[in-house]
Undergrad: 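Sharing a structure with you now.
What you see is a predicted model, and the numbers here were worked out from it, not measured in a lab. Both ligands and their constituent atoms are indexed starting at 1 by order of listing. Just the heavy atoms: all of them, side chains too, but no hydrogens, waters or symmetry mates, feed the values below.
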Amino acid sequence: MKIISAKVIICAPSRNFVTLKIETDEGLTGIGDATLNGRELAVASYLTEHVIPCLIGRDPQQIEDIWQYLYKGAYWRRGPVTMSAIAGVDTALWDIKAKAANMPLYQLLGGKSRTGVMVYGHANGKDITQTVEEVLRYKEMGYKAIRAQSGVPGLEKVYGVGRGTMFYEPADADLPSEHDWSTEKYLRHTPELFDKVRAAVGPDIHLLHDVHHRLTPIEAGRLGKDLEPYRLFWMEDATPAENQEAFRLIRQHTTTPLAVGEIFNTIWDCKDLIENQLIDYIRTTVVHAGGITHLRRIADLAALYQVRTGSHGATDLSPVCMGAALNFDLWVPNFGIQEYMRHTDETDAVFPHAYSFKDGFMHPGEAPGHGVTIDEELAAKYPYKRAYLPVNRLQHDGTLTNW
Ligand SMILES: O=C(O)C(=O)C[C@H](O)[C@H](O)CO
Ligand SMILES: [Mg+2]
């Protein structure tokens, strides 16, 4: 089998997505997600100018060799643009391999390890009352795990609370919008939020929270400690993870489980946190961490230390990534949970998919491949529109801080 063509499809049904489509001389095609929120065209041009020419004529069945060729062959290694581009190729190649075998991808990976993939939904509201109502609505929809994010009194806009409660989308402007941030206000508010949420939802629902990199290590330690009575499933991205020693400090202060990794690209970003058992869940996902081939390596390393997976699944990861991730999740032995932020109907129509949600669990479906396709005609009706994530400034003096 040979790759005869590959092309990048950029479309914006509700938001921007970059999809790589690979065609073979045997009529099989595969697609992969290569979306990098706010930097979409960098990955698209990396693929078009530097990767696609290297793919033509290769055997698509040699997934590992092509992965190594693109990773080592570029000489520079790592980085979100490179690794998202490699992920696009890798996902498309696994799609082709599974279609050639006439199997859903999870079968090719080793078969299912569980009956379904537990996912967490994203309940949010402008204040505690509304967030509690949303959490209860998610419970009503069947979710067994729910992430709660709320507006903070005195702050106009915060991460996780957005336009609409079902389809949260933070990339909202063609230049970054500017938000105010106050750690003091957030730290006062968040334990109260979980006090009310836990009382309303009862003990059996898993609760999660995304700090979104906004605290220092000692502040994160304090928040983790304050949240202990509410038994969170995890506290996510408690502090930026460039300096990984910081997590040691957090660990010394709290038993609230920690999750990190949505902005990691390779096993090298994960290694120290995992080997030192400084986290409980690793959140790397297919599109930003080099595809199925590399994610499998990260998960195997994590398994040695009882760290479980908890893949990122926000709206900027396309349904193609979600389909691939669900196949991975159904197989991976040390699965923890999968994030599921729903896509809009417009997005779902452009990416018809075999996966489904029922009673808090998702299933990738039984279609050969990863089970997601793209309607190119429909996609062409939604041209790319530049959209950036916001930035945060400290409320009291305007210093740029983490969003
Ligand atoms: O879903 C999450 O956990 C996020 O933190 C979402 C991120 O802000 C989003 O994917 C950035 O593009
Ligand atoms: Mg997050």
Side-chain angles (χ1 to χ4, degrees), residues 12 14-18 33-43 80-81 83-84 87 119-124 134 138 143 145-150 157-173 176-177 179 181 186 190 206-215 220 223 232-241 257-265 269-270 273 279-289 309-322 325 336-344 347 386-392 401-403:
S14 306
R15 66 152 5 272
N16 292 317
F17 293 112
V18 176
D33 182 22
T35 308
L36 183 62
N37 203 1
R39 296 295 183 271
E40 294 86 357
L41 300 187
V43 186
V81 174
M83 297 310 287
S84 301
V119 296
Y120 67 92
H122 173 43
N124 70 100
E134 282 300 306
Y138 272 77
Y143 284 87
I146 305 168
R147 184 182 99 155
Q149 307 290 139
S150 154
K157 284 183 170 171
V158 293
Y159 166 76
V161 185
R163 304 172 285 170
T165 46
M166 279 316 280
F167 310 111
Y168 175 63
E169 181 48 72
D172 62 356
S177 3
H179 297 178
W181 177 250
Y186 171 75
T190 306
H206 297 300
L207 291 176
L208 299 88
H209 182 66
D210 192 349
V211 179
H212 218 256
H213 326 268
R214 291 168 299 189
L215 298 179
L223 180 62
L232 263 57
F233 187 91
W234 77 37
M235 176 168 79
E236 175 184 335
D237 288 333
T239 196
L258 302 175
V260 176
E262 69 182 39
I263 68 167
F264 290 176
N265 321 123
D269 299 324
C270 312
L273 286 176
I279 56 171
D280 303 281
Y281 295 91
I282 184 72
R283 301 201 63 248
T284 41
T285 193
V286 178
V287 58
H288 298 139
T309 65
S311 283
H312 187 200
T315 43
D316 49 296
L317 286 66
S318 94
V320 182
C321 176
M322 181 54 84
I337 201 165
Q338 166 71 50
E339 178 178 9
Y340 176 44
M341 222 184 251
R342 286 169 191 250
H343 289 111
T344 63
T347 301
R386 193 175 67 205
Y388 284 139
L389 291 170
V391 295
N392 259 348
T401 185
N402 302 308
W403 174 73

Undergrad: Do the rings of Trp181 and Tyr186 sit parallel, tilted or perpendicular, given the 30° and 60° boundaries?
TA: tilted
Undergrad: First locate atom CZ of Phe17, then atom OG1 of Thr347, and finally report the distance between them rounded to the nearest 0.5 Å.
TA: 4.5 Å
Undergrad: Counting heavy atoms only, which part of Leu389 comes closer than 4.0 Å to ligand 1: side chain, backbone, both or neither?
TA: side chain
Undergrad: I'd like the atom name of the N/O/S atom in Asp210 lying closest to the Mg ion (ligand 2).
TA: OD2
Undergrad: Closest N/O/S atom of Glu236 to the Mg ion (ligand 2), by atom name?
TA: OE2
Undergrad: Could you state the interatomic distance from CG (Asn392) to CG (Asn402), rounded to the nearest 0.5 Å?
TA: 8.0 Å
Undergrad: Please could you name the atoms of ligand 1 that Tyr159 approaches to less than 4.0 Å, counting only its heavy atoms?
TA: 1 (O), 2 (C), 3 (O), 4 (C), 5 (O), 6 (C), 8 (O)
Undergrad: Is it true that Asp210 and Arg147 make a salt bridge, defined as a side-chain N closer than 4.0 Å to a carboxylate O?
TA: yes
Undergrad: Going by the angle between their ring planes, with limits at 30° and 60°, are Tyr120 and Trp234 parallel, tilted or perpendicular?
TA: perpendicular
Undergrad: Please could you name the atoms of ligand 1 that Asp210 approaches to less than 4.0 Å, counting only its heavy atoms?
TA: 2 (C), 3 (O), 4 (C), 5 (O)
Undergrad: For atom 5 (O) of ligand 1, what is the nearest protein heavy atom, given as residue, atom name and distance?
TA: Glu262 OE2, 2.6 Å
Undergrad: Working to the nearest 0.5 angstrom, can you tell me the gap between Asn37 CG and Arg15 CZ?
TA: 4.0 Å
Undergrad: Identify the closest protein heavy atom to atom 8 (O) of ligand 1: which residue and atom is it, and at what distance?
TA: His212 NE2, 2.8 Å
Undergrad: If you measure every N or O of Trp403 against every N or O of ligand 1, does any of those distances drop under 3.5 Å?
TA: no
Undergrad: Does the residue His122 have a heavy-atom contact with ligand 1, meaning some pair of atoms that are separated by less than 4.0 Å?
TA: no
Undergrad: Is Tyr138 reaching over with its side chain to a backbone N or O of His122, donor-acceptor style, under 3.5 angstrom?
TA: yes
Undergrad: Do any nitrogen or oxygen atoms of Tyr120 lie less than 3.5 angstrom from nitrogen or oxygen atoms of ligand 1?
TA: no
Undergrad: Determine, considering heavy atoms only, which of Thr315, Asp316, Leu36, Val211 sits nearest to atom 9 (C) of ligand 1.
TA: Asp316
Undergrad: Supply the atom-to-atom distance Arg214 CZ to Thr239 OG1, rounded to the nearest 0.5 angstrom.
TA: 12.0 Å
Undergrad: Return the closest protein heavy atom for atom 1 (O) of ligand 1 as residue, atom name and distance.
TA: Glu339 OE2, 2.5 Å
Undergrad: May I ask you to check if any N/O/S atom from Asp237 comes under 2.8 Å of the Mg ion (ligand 2)?
TA: no
Undergrad: Please work out whether any backbone atom (N, CA, C, O) or any side-chain heavy atom from C-beta onward of Arg147 is under 4.0 Å from ligand 1, and answer side chain, backbone, both or neither.
TA: side chain
Undergrad: Which atom, counting only N, O or S, brings Glu262 closest to the Mg ion (ligand 2)?
TA: OE1
